Amino acid sequence: MHVPRLYYMKRTEKRQVLVDHYFDFYLIAVAILKDDDDAKDAVQDAVVATMVKSGVKDPFSYCCQVLRNKCIDMMRHRNRLSKIDENILIVDPEREEMLKALAKLKKELPFLSRTVIEMHYEDAYTVESIAEKVGISVAKTKRIISKTKQFLRKKMEEEL
């Protein structure tokens, strides 16, 4: 009797899924931790853990779980988490659908806004570095980031 092998993603496919959803992971971490630097650290740790883990069939879901656990650990370490809060932080399928909708909305952004947001959150460039690379002022870069985040939040609220 032939037993079908489970399909596991190639490393490049897994990397692409994680790159495509990097901003989504960041939004989860910021929502939980309420701190930009901590969120970036948590996302980086979760993505690396997902990349090195073999046998992951769904890297998006796996990374969401790793990220959730990392955020909880960071909050416990800082004594900012009570037992009641842990139940709120459960990542469920409805939340995953919202994140996929966000990924779709990000693709609808104007080129400059999308570029700036991706450089800032996915590639971890500073505002000053982005301004220099794109050829705009630091103030304009900050405005683009702020307005794009507001736009994404508004669109997500409309879709929910």
Side-chain angles (χ1 to χ4, degrees), residues 14-53 59-82 84-92 94-160:
K14 189 189 320 183
R15 181 181 298 123
Q16 189 58 48
V17 168
L18 295 175
V19 167
D20 289 346
H21 293 286
Y22 201 91
F23 183 69
D24 306 331
F25 299 139
Y26 170 78
L27 291 178
I28 291 173
V30 166
I32 295 171
L33 296 170
K34 310 283 191 260
D35 185 306
D36 187 55
D37 291 332
D38 286 348
K40 288 177 182 176
D41 290 343
V43 170
Q44 182 177 359
D45 290 349
V47 168
V48 168
T50 304
M51 281 303 298
V52 299
K53 176 74 174 172
F60 177 79
S61 297
Y62 183 85
C63 192
C64 283
Q65 284 299 52
V66 171
L67 180 60
R68 173 195 171 269
N69 294 338
K70 179 66 180 169
C71 290
I72 290 171
D73 288 344
M74 290 173 82
M75 291 176 74
R76 271 193 194 125
H77 181 70
R78 291 173 180 87
N79 295 322
R80 296 189 298 184
L81 180 67
S82 67
I84 297 170
D85 293 332
E86 285 186 40
N87 295 328
I88 297 169
L89 301 176
I90 294 172
V91 177
D92 61 353
E94 188 175 330
R95 174 88 175 155
E96 289 180 22
E97 286 181 34
M98 183 193 65
L99 292 173
K100 288 178 184 176
L102 176 63
K104 177 184 160 195
L105 290 173
K106 185 175 75 170
K107 292 175 184 171
E108 295 175 9
L109 292 171
F111 178 76
L112 183 60
S113 298
R114 184 176 64 243
T115 302
V116 168
I117 283 289
E118 287 175 348
M119 288 177 77
H120 186 63
Y121 291 110
E122 295 176 7
D123 301 329
Y125 283 104
T126 64
V127 174
E128 293 79 14
S129 299
I130 296 168
E132 183 181 318
K133 290 182 184 295
V134 176
I136 58 178
S137 70
V138 172
K140 183 166 183 167
T141 304
K142 288 179 181 179
R143 278 194 308 273
I144 289 172
I145 291 170
S146 176
K147 287 184 183 268
T148 304
K149 285 176 19 182
Q150 287 175 353
F151 170 79
L152 289 172
R153 285 187 190 120
K154 182 180 176 188
K155 284 294 205 176
M156 286 174 49
E157 288 173 4
E158 289 173 3
E159 287 193 13
L160 297 178

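Count residues from 1 along the sequence. For clarity, every value in this text was computed on a predicted model and none was experimentally measured.
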**Q** Could you tell me which non-hydrogen atom of M51 sits nearest to which non-hydrogen atom of K14, and how far apart they are?
**A**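 Residues M51 and K14, closest heavy atoms: O-NZ, 3.4 Å.
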**Q** What are the two closest non-hydrogen atoms of C64 and F25, and how far apart are they?
**A**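 So the minimum-distance heavy-atom pair works out to SG-CE2, 3.8 Å.
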**Q** As a test of understanding, state which of V43, D36, D38 forms a side chain to side chain contact (heavy atoms under 4.5 Å, CB included) with K40.
**A**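 Testing K40 for a side chain to side chain contact (heavy atoms under 4.5 Å, CB included) against V43, D36, D38 leaves exactly one candidate, D36.
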**Q** To the nearest 0.5 Å, what is the distance between CE (M74) and CG (L67)?
**A**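 If I round to the nearest 0.5 Å, the distance is 9.5 Å.
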**Q** Can you name the nearest heavy-atom pair linking Y26 to A39, along with the distance?
**A**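 Heavy atoms of Y26 and A39 come nearest at CE1-CB, 3.9 Å.
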**Q** Applying side chain to side chain donor-acceptor pair (under 3.5 Å), which residue pairs with at least one partner in residues 42-51 are found, sequence neighbours left out?
**A**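 Listed once each, the pairs are D45-K70.
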**Q** Under a 3.5 Å threshold, yes or no: a donor from one side chain and an acceptor from the other, between N69 and Q65?
**A**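 Note: N69 and Q65 side chains miss the donor-acceptor criterion.
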**Q** Enter the distance from K53:NZ to C63:SG here, rounded to the nearest 0.5 Å.
**A**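 K53 NZ to C63 SG: 13.5 Å, rounded to 0.5 Å.
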**Q** Mind checking the CG-CZ spacing from L112 to R114? Nearest 0.5 Å is all I need.
**A**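 L112 atom CG to R114 atom CZ measures 10.0 Å (nearest 0.5 Å).
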**Q** For residues 127-135, please give each side-chain donor-acceptor pair under 3.5 Å, one per line with the distance, not counting sequence neighbours.
**A**
{"unit_1": "S129", "atom_1": "OG", "unit_2": "T126", "atom_2": "OG1", "d": "2.8"}

**Q** Would D24 and I28 count as a side chain to side chain contact (heavy atoms under 4.5 Å, CB included) here? Give the steps.
**A** CA-CA 6 Å; D24 306 331; I28 291 173; 5.7 Å; no
**Q** Could you give the distance from NZ (K142) to CD1 (I136), rounded to the nearest 0.5 Å?
**A**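 Reported value, rounded in 0.5 Å steps: 12.5 Å.
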**Q** Would a distance-only check, ignoring hydrogens and angles, find a side-chain to backbone donor-acceptor pair under 3.5 Å from T148 to I144?
**A**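 It does hold such a pair.
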